[in-house]
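To start, the structure itself, in structure tokens.
We name chains A, B, ... by the order of the sequence lines, and we start the count at 1 in each one.
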Number of protein chains: 2
Amino acid sequence: MKPKKRITIYDIAEKLNITASSVSRALNNSNHVNEATKNLVLKTAAELNYKRNLLASNLRMGKTKTIGVVVPRINQNFFSNVIAGIEDATYQKGYNLIICQSNESHSKEVKCVNTLMNQHVDCIVISVSVESDDHTHLANVIEQGIQLIQFDRVAEELETLKVINDNETASMEAVVHLIQQGYKRIALLEGPQNLSIFKQRKTGYLNALKKYNIPINNELIIENAWTKELGAAATRKLLSLPQPPDAIFASTSDFSALGVLDVAHDMDIKVPSQLGILGYSNEAFTEITTPSITTIDQFSVHMGKTIANLYFEEMENKEVAVTPKVISIKPQLIIRSSTLKNK
Amino acid sequence: MKPKKRITIYDIAEKLNITASSVSRALNNSNHVNEATKNLVLKTAAELNYKRNLLASNLRMGKTKTIGVVVPRINQNFFSNVIAGIEDATYQKGYNLIICQSNESHSKEVKCVNTLMNQHVDCIVISVSVESDDHTHLANVIEQGIQLIQFDRVAEELETLKVINDNETASMEAVVHLIQQGYKRIALLEGPQNLSIFKQRKTGYLNALKKYNIPINNELIIENAWTKELGAAATRKLLSLPQPPDAIFASTSDFSALGVLDVAHDMDIKVPSQLGILGYSNEAFTEITTPSITTIDQFSVHMGKTIANLYFEEMENKEVAVTPKVISIKPQLIIRSSTLKNK
DNA sequence: TTTGAAAACGCAATCGATTGCCATGATTTA
DNA sequence: TAAATCATGGCAATCGATTGCGTTTTCAAA
């Protein structure tokens, strides 16, 4: 559209017969302008419907009050909640959010990060994609002097601020819960092990078994079962074993757990009496299934707020690189029907 | 952090002993530079890890290749899907997205819109909040020469591009489906009538009844039942009537329908034989409940893509205001167990 | 060898806002 | 009354990239 001449500080200056300098000072509430002129400027600015050109301002100031967020998928419950949390906290400070999704693709992730750097965002918040093994693009961010916060899925070797869940403990507690409910052969559906979150969840599982002296059975550990379909397939495989499991911990996601439940229904296997099911993420639907699914809540909105606050406390207007720091949020086991064997 | 001197075209120019003009032209692939120097510039730019400063470029060019999106809630399925669709389509064209949530508050919506205008986004895409009755802020957008696209919840009196669902037809088809299943007393849970989408859904309901000569009974129409809790409360009220309904169309959302289902479970009312339930939106969970819930799919991701394409076809680089236009996407009735009375 | 046109590139202004430095006039202090 | 201090506000440079216009260089045609 015609970019219709917008009102600038020069227009205001001209109208009041002063210079743009004074207008700028007045608008920025500097104390180097007369109170009277300040009011006059504010009044005319309002009258003319003046809007500060942030492009010009940001160029001059070297900061944009903008935070870039890169997530694998915007429309995945966990991520959209984190984003909502970030938005909520940053909005109050007058910051804007630019949001990109990597679609779990490494190359798109790199492009997103580059775009955000071009945009001169003050900080990049990222949860890396599954494909990501190479993290030079993130190292690049730091090198360019842009703040970086990683969350949930993090590149561990990079020394940055990180906000994560205590996956290991949560996972361990979950498995302990299963053991205490009397389940003996507990299977694990695990996610891509190049992502630390999935590695940690596996460690938690192993630790729980160790603690209770339960032998580890590799037959019961299925790799890469992190969608509903893969979860279902894994379940079919598991249940056809000579000695099938009596509980399945879908450590990857609730979607995977849902796949498990579907197969159990199909095969007429009773949940939780014959098979216990435990998911991860506390997706809304886990409360609604029959039976409802025991899962782990990650406090996603809170996580978003934590990320934002971390930026404001540690990074905003800081001249030096921040000291790396990891904030770990302890997830909570939400016990529902799908694991209550001895109720 | 220290804004660590970034490489500019001047640095490249200096290194090659040419002027910034030539560098700029080379980087923009202008044909007013020697092929040799062009290659030289590109090579050194890569070596020095040059990144164009979009702030400066945008300021000069007067456009930002950025689209602002305002939705009531980022983490609501429908909206996050629409956003994902928009992102997908705009990303390919090198555009960025700035996303805000109004939290259903009019004042925050106004602030969001103002921020986006300050940011000089090329286009604002909005779905208005429930509270919105006053639309001067949107009129303002147009007046400032910024493109505006409304979707889903639209201010009808404003002449803009609009992408909506054909709520009326969808709603009518849904009710017809109920009638054909043999339901006689069909109740309606309606949303705030200041939003046209809810008005249209009501009209669809009324039209269906009219078509089949079913008397309209105001007792069976409950206002403002658009959350799970309100849906549950409305259901309790409806089911305690002397002549309770035998079907409930939760035209506001699937959440509302879920509330209905909960109450039915509590009161030991059989779904679908004693009570039919029909929702709206095709939230993921509707497939999972017992029984699964009949609902209406809005093709949300597709809607997002449509919005983006509309921008590129009708608005990008256009000098004149676009002629208003409404694109209506026909939602689809997804028939599931909760309404299959005579199966 | 001269002329002309095209190719290549430099100069300087521009997009708006910000800010250090300086000038003016007013007010205060000696 | 003179000198010092302070409050205001103007001037001009700056942030990087872009581009119209003008100048220089190159090369071919006359």
Discussion item. Heavy atoms within less than 4.0 Å of DNA chain D: which residues of residues 18-30 of chain A have one? Give them sorted by number.
Written reply: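 Those residues are A:I18, A:T19, A:S21, A:S22, A:R25.
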
Starting at [atom1] of [X] and ending at [atom2] of [N], how long is that distance when rounded to a whole Å?
X      : N      : atom1 : atom2 : answer
B:N118 : C:dC15 : CG    : P     : 19 Å
B:M61  : C:dA13 : CE    : P     : 21 Å
B:Y10  : D:dA17 : OH    : P     : 7 Å
B:I9   : D:dC15 : CD1   : C1'   : 12 Å
B:I12  : D:dG16 : CD1   : P     : 13 Å
B:N58  : C:dT14 : CG    : C1'   : 15 Å
B:E14  : D:dG16 : CD    : P     : 14 Å

Worksheet item: Does B:Y50 put a side-chain nitrogen or oxygen below 4.0 Å from OP1 or OP2 of D:dA17?
Response: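 Yes, B:Y50 has a side-chain N/O under 4.0 Å of OP1/OP2 on D:dA17.
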
Which residue pairs pass the salt bridge (charged side-chain N to carboxylate O under 4.0 Å, His left out) test when at least one of the two sits in [range], sequence neighbours left out?
range                       : value
residues 40-49 of chain A   : A:K43-A:E47
residues 103-130 of chain B : A:E87-B:K108, B:K63-B:D122, B:E104-B:R153
residues 154-163 of chain A : none

Worksheet item: So A:T136 and A:D134, side-chain hydrogen bond (donor to acceptor under 3.5 Å, both in side chains) or not? Walk me through it.
Response: CA-CA 6 Å; A:T136 49; A:D134 172 22; 3.2 Å; yes

Practice prompt. Mind running side-chain hydrogen bond (donor to acceptor under 3.5 Å, both in side chains) on A:N81 and A:N77 for me, showing each step along the way?
Written response: CA-CA 6 Å; A:N81 278 327; A:N77 221 282; 3.1 Å; yes

Item to complete: Identify, with sequence neighbours excluded, every residue that meets side-chain contact (heavy atoms from CB on, under 4.5 Å) alongside B:S21.
Response: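 Per chain and number, B:S21 pairs via side-chain contact (heavy atoms from CB on, under 4.5 Å) with B:T19, B:R25.
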
Practice prompt. List in numerical order all residues of residues 32-39 of chain B for which some heavy atom is under 4.0 Å away from an atom belonging to DNA chain C.
Written response: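 The answer is B:H32, B:V33, B:N34, B:T37.
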
Worksheet item: Considering the options A:T160, A:I149, A:V141, which one meets the side chain to side chain contact (heavy atoms under 4.5 Å, CB included) requirement together with A:I124?
Response: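 Exactly one pass, corresponding to A:V141.
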
Practice prompt. Give me the ring orientation class for B:H137 and B:H135: parallel if the planes are under 30° apart, tilted from 30 to 60°, perpendicular past 60°.
Written response: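 B:H137 vs B:H135 ring planes: tilted.
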
Item to complete: Indicate the ring-plane relationship of A:F78 and A:F151, choosing parallel, tilted or perpendicular according to the 30° and 60° boundaries.
Response: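 A:F78 and A:F151: tilted rings.
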
